[in-house]
Amino acid sequence: MHGDVVWQGRVDIAGDLVLAEDSRLTILPGTEVIFHSPAPGDDRWREHPNFTGSELIVRGVIDARGTAQAPIRFRPATRTIAPGSWGGINIGDSSEAVFAYCRFEGADSALHAQNSTVYVEQSVFRRNRIAVRFHSSEILIEHNRFERNGSGIRFHYGSPVICHNEFVDNGRSIFITAHPKEVHIEYNNFVSAVDYHLVLGEEVPEDVPAGRNWWGGTEPERIGELLFDRQRDPYLGRIEIQPLLKAPVDGAGPR
């Protein structure tokens, strides 16, 4: 796709659809973007940084701003929402990618950004393998709900601002795989996790600040059971959870 494009109503995608560098896609409130299984030959890019299944590949600008009353939905065509039913929205070298009041379900990696400027607000990610995945990007993730994803947020080489979000029943709420820098993880409610709330990968020898969050309680030993850092592997950095919040963050998650 080239030039200025506007989507509204229902949009069906089967295969890999590319938004070119010179394009701007605006998605209007209430729009449903439905991803179908690609026909043979239509899944052109399957290797990382792309994924198996239908994808929206964004190389230009995307502006997807729904409303609380009329969110924008990205979902698979199948009735049963299974993680990995579609590839994801793959954002590469984009000067602006905005998502507000959106709903993402059933993707491999619902939002995947590389070398881009991304804003994700007031949105819900449910039953994706990975909800938000990125590297080397300027990204704000604020007032979202991550529920029953394999990983809520996964990144490396980034300086994200992750604040006022809710994490509920994800395998891993946040997984940092390599060398974060100037990370801000504050004022989030980490409600429950299947495995861990915050995981440092093998290429994270740096300490990671994660104070001023609610971890479901105030006992450091209990909180530590849901963290994977130097306490489990001496080659990793420490997750610094102090100062602890003594109560859940009022207003975290979508408003």
Within a reach of under 6.0 Å around CD of Q8, are more than 12 heavy atoms found that belong to other residues, nucleotides or ligands?
-> no

Between S173 (side chain) and G152 (backbone), is there a donor-acceptor pair under 3.5 Å?
-> no

Path from W7 to I91 over hydrophobic side-chain contacts below 4.5 Å | yes

List the atom pairs, donor and acceptor, that lie under 3.5 Å between side-chain atoms in residues 202-213 and the rest of the protein, sequence neighbours left out.
from, atom 1, to, atom 2, distance (Å)
E206, OE2, H179, ND1, 2.9
D207, OD1, R238, N, 2.8
R212, NE, E186, OE2, 3.2
R212, NH2, E186, OE2, 2.8
N213, OD1, Y187, N, 3.2
N213, OD1, N188, N, 2.9
N213, OD1, N188, ND2, 3.0
N213, ND2, I185, O, 2.8
N213, ND2, A210, O, 2.9
N213, ND2, G211, O, 3.2

Which atom names give the shortest non-hydrogen contact between N189 and A252, and what distance separates them?
-> ND2-CB, 3.5 Å

Sidechain-backbone polar pair: S109 side chain, H112 backbone, donor-acceptor under 3.5 Å | no

Is there side-chain contact between R24 and D63, with at least one heavy-atom pair below 4.5 Å?
-> yes

Partner residues of N170 under the side chain to side chain donor-acceptor pair (under 3.5 Å) criterion, sequence neighbours left out = N149

Side chain to side chain contact (heavy atoms under 4.5 Å, CB included) assessment of F99 paired with I27 | CA-CA 9 Å; F99 300 88; I27 306 179; 5.9 Å; no

Shortest non-hydrogen contact between V5 and H2, atoms and distance = CG2-O, 3.9 Å

Is it true that a side-chain atom of N128 and a backbone atom of A110 form a donor plus acceptor pair closer than 3.5 Å?
-> no

Which pairs would a plain distance check flag for residues 217-227, meaning a side-chain donor or acceptor within less than 3.5 Å of a matching protein atom at least two apart in sequence or in another chain?
none

Minimum heavy-atom distance between L19 and V61, given as atom pair plus value = CD2-O, 3.3 Å

With a 4.5 Å limit on heavy-atom distance, are the side chains of V120 and L111 in contact?
-> yes

Out of curiosity, N144 CG to Y101 OH, how far, rounded to the nearest 0.5 Å?
-> 10.5 Å

For R145, side chain to side chain donor-acceptor pair (under 3.5 Å) partners two or more places apart | E147, E166

To the nearest 0.5 Å, atom CZ of R154 lies from atom CD1 of I176 at 12.0 Å

Do S85 side-chain atoms and A107 backbone N/O form a donor-acceptor pair below 3.5 Å?
-> no

Look at the aromatic rings of F104 and F74 and report parallel, tilted or perpendicular, splitting at 30° and 60°.
-> parallel

The reported gap from OH in Y119 to CD in E142 (rounded to nearest 0.5 angstrom) is 11.5 Å

Output for pair (E138 CD, S95 OG), nearest 0.5 Å, gives 11.0 Å

Looking at side-chain heavy atoms only, is the closest gap between P254 and V124 below 4.5 Å?
-> yes

side-chain hydrogen bond (donor to acceptor under 3.5 Å, both in side chains) pairs touching residues 243-255, sequence neighbours excluded, are none

Taking all non-hydrogen atoms of both residues into account, name the closest pair between G15 and S54 and its distance.
-> N-OG, 2.7 Å

Kindly say whether V118 contributes a backbone atom to a donor-acceptor pair with the side chain of S116 at under 3.5 angstrom?
-> no

Trace of the side chain to side chain contact (heavy atoms under 4.5 Å, CB included) decision for F155 with I139 | CA-CA 11 Å; F155 72 95; I139 186 164; over 6 Å; no

Cluster question for you: counting only ILVMFWY and a side-chain heavy-atom cut-off of under 4.5 Å, with indirect links fine, are I162 and I241 together?
-> yes

Ignoring hydrogens and geometry, is there a side-chain-to-backbone donor-acceptor pair from S23 to E21 under 3.5 Å?
-> no

Donor-acceptor contact present, side-chain W86 to main-chain E105, <3.5 Å | yes

Heavy-atom check, side chain of L198 versus side chain of F190, under 4.5 Å = no

Can you name the closest pair of heavy atoms from G171 and A193 and give their distance?
-> O-CB, 4.4 Å

Is I130 linked to V58 within one hydrophobic cluster, defined over Ile, Leu, Val, Met, Phe, Trp and Tyr using a side-chain heavy-atom separation of less than 4.5 Å?
-> no

Between D93 and R59, does at least one N-O distance fall below 4.0 Å, as a salt bridge requires?
-> no

Same cluster or not: are V161 and V98 linked, directly or through other Ile, Leu, Val, Met, Phe, Trp or Tyr residues, by side-chain heavy atoms under 4.5 angstrom apart?
-> yes

Between CD1 on residue I239 and CZ on residue R230, distance to nearest 0.5 Å | 11.5 Å

Side chain to side chain contact (heavy atoms under 4.5 Å, CB included) between I174 and V199: does it pass, once the steps are laid out?
-> CA-CA 6 Å; I174 299 176; V199 175; over 6 Å; no

Steps toward side chain to side chain contact (heavy atoms under 4.5 Å, CB included) verdict (R75, E32) | CA-CA 8 Å; R75 65 171 181 84; E32 274 198 308; 2.9 Å; yes

So, the side chain of S159 versus the backbone of K181: is there a donor-acceptor pair under 3.5 Å, distance only?
-> yes

Could you check W214, F146, W215, F175 and say which one makes a ring-ring contact (aromatic ring centres under 6.0 Å, His included) with F167?
-> F146

Going by heavy atoms in the side chains, are L25 and L56 under 4.5 Å from each other?
-> yes

How about H143 and N165: does a side-chain donor come under 3.5 Å of a side-chain acceptor?
-> no

Euclidean distance, D195 CG relative to S151 OG, rounded to 0.5 Å = 9.0 Å

What closest approach, in Å, do E55 and I13 show between heavy atoms, and which atom pair accounts for it?
-> O-CG2, 4.2 Å

Start with the C-alpha gap between S192 and D169, add the side-chain angles, then the distance that decides, and say whether side chain to side chain donor-acceptor pair (under 3.5 Å) holds.
-> CA-CA 5 Å; S192 55; D169 291 342; 2.6 Å; yes

For R73, check salt bridge (charged side-chain N to carboxylate O under 4.0 Å, His left out) against everything at least two apart and list the hits.
-> none

Group every Ile, Leu, Val, Met, Phe, Trp and Tyr by side-chain heavy-atom contacts under 4.5 Å, then state whether V11 and I62 land in the same group.
-> yes

Does G53 offer a backbone N or O that forms a donor-acceptor pair with the side chain of D108 under 3.5 Å?
-> no

Say whether, by atom type as modelled, one donor and one acceptor occur between the side chain of S123 and the main chain of E121 under 3.5 angstrom.
-> yes

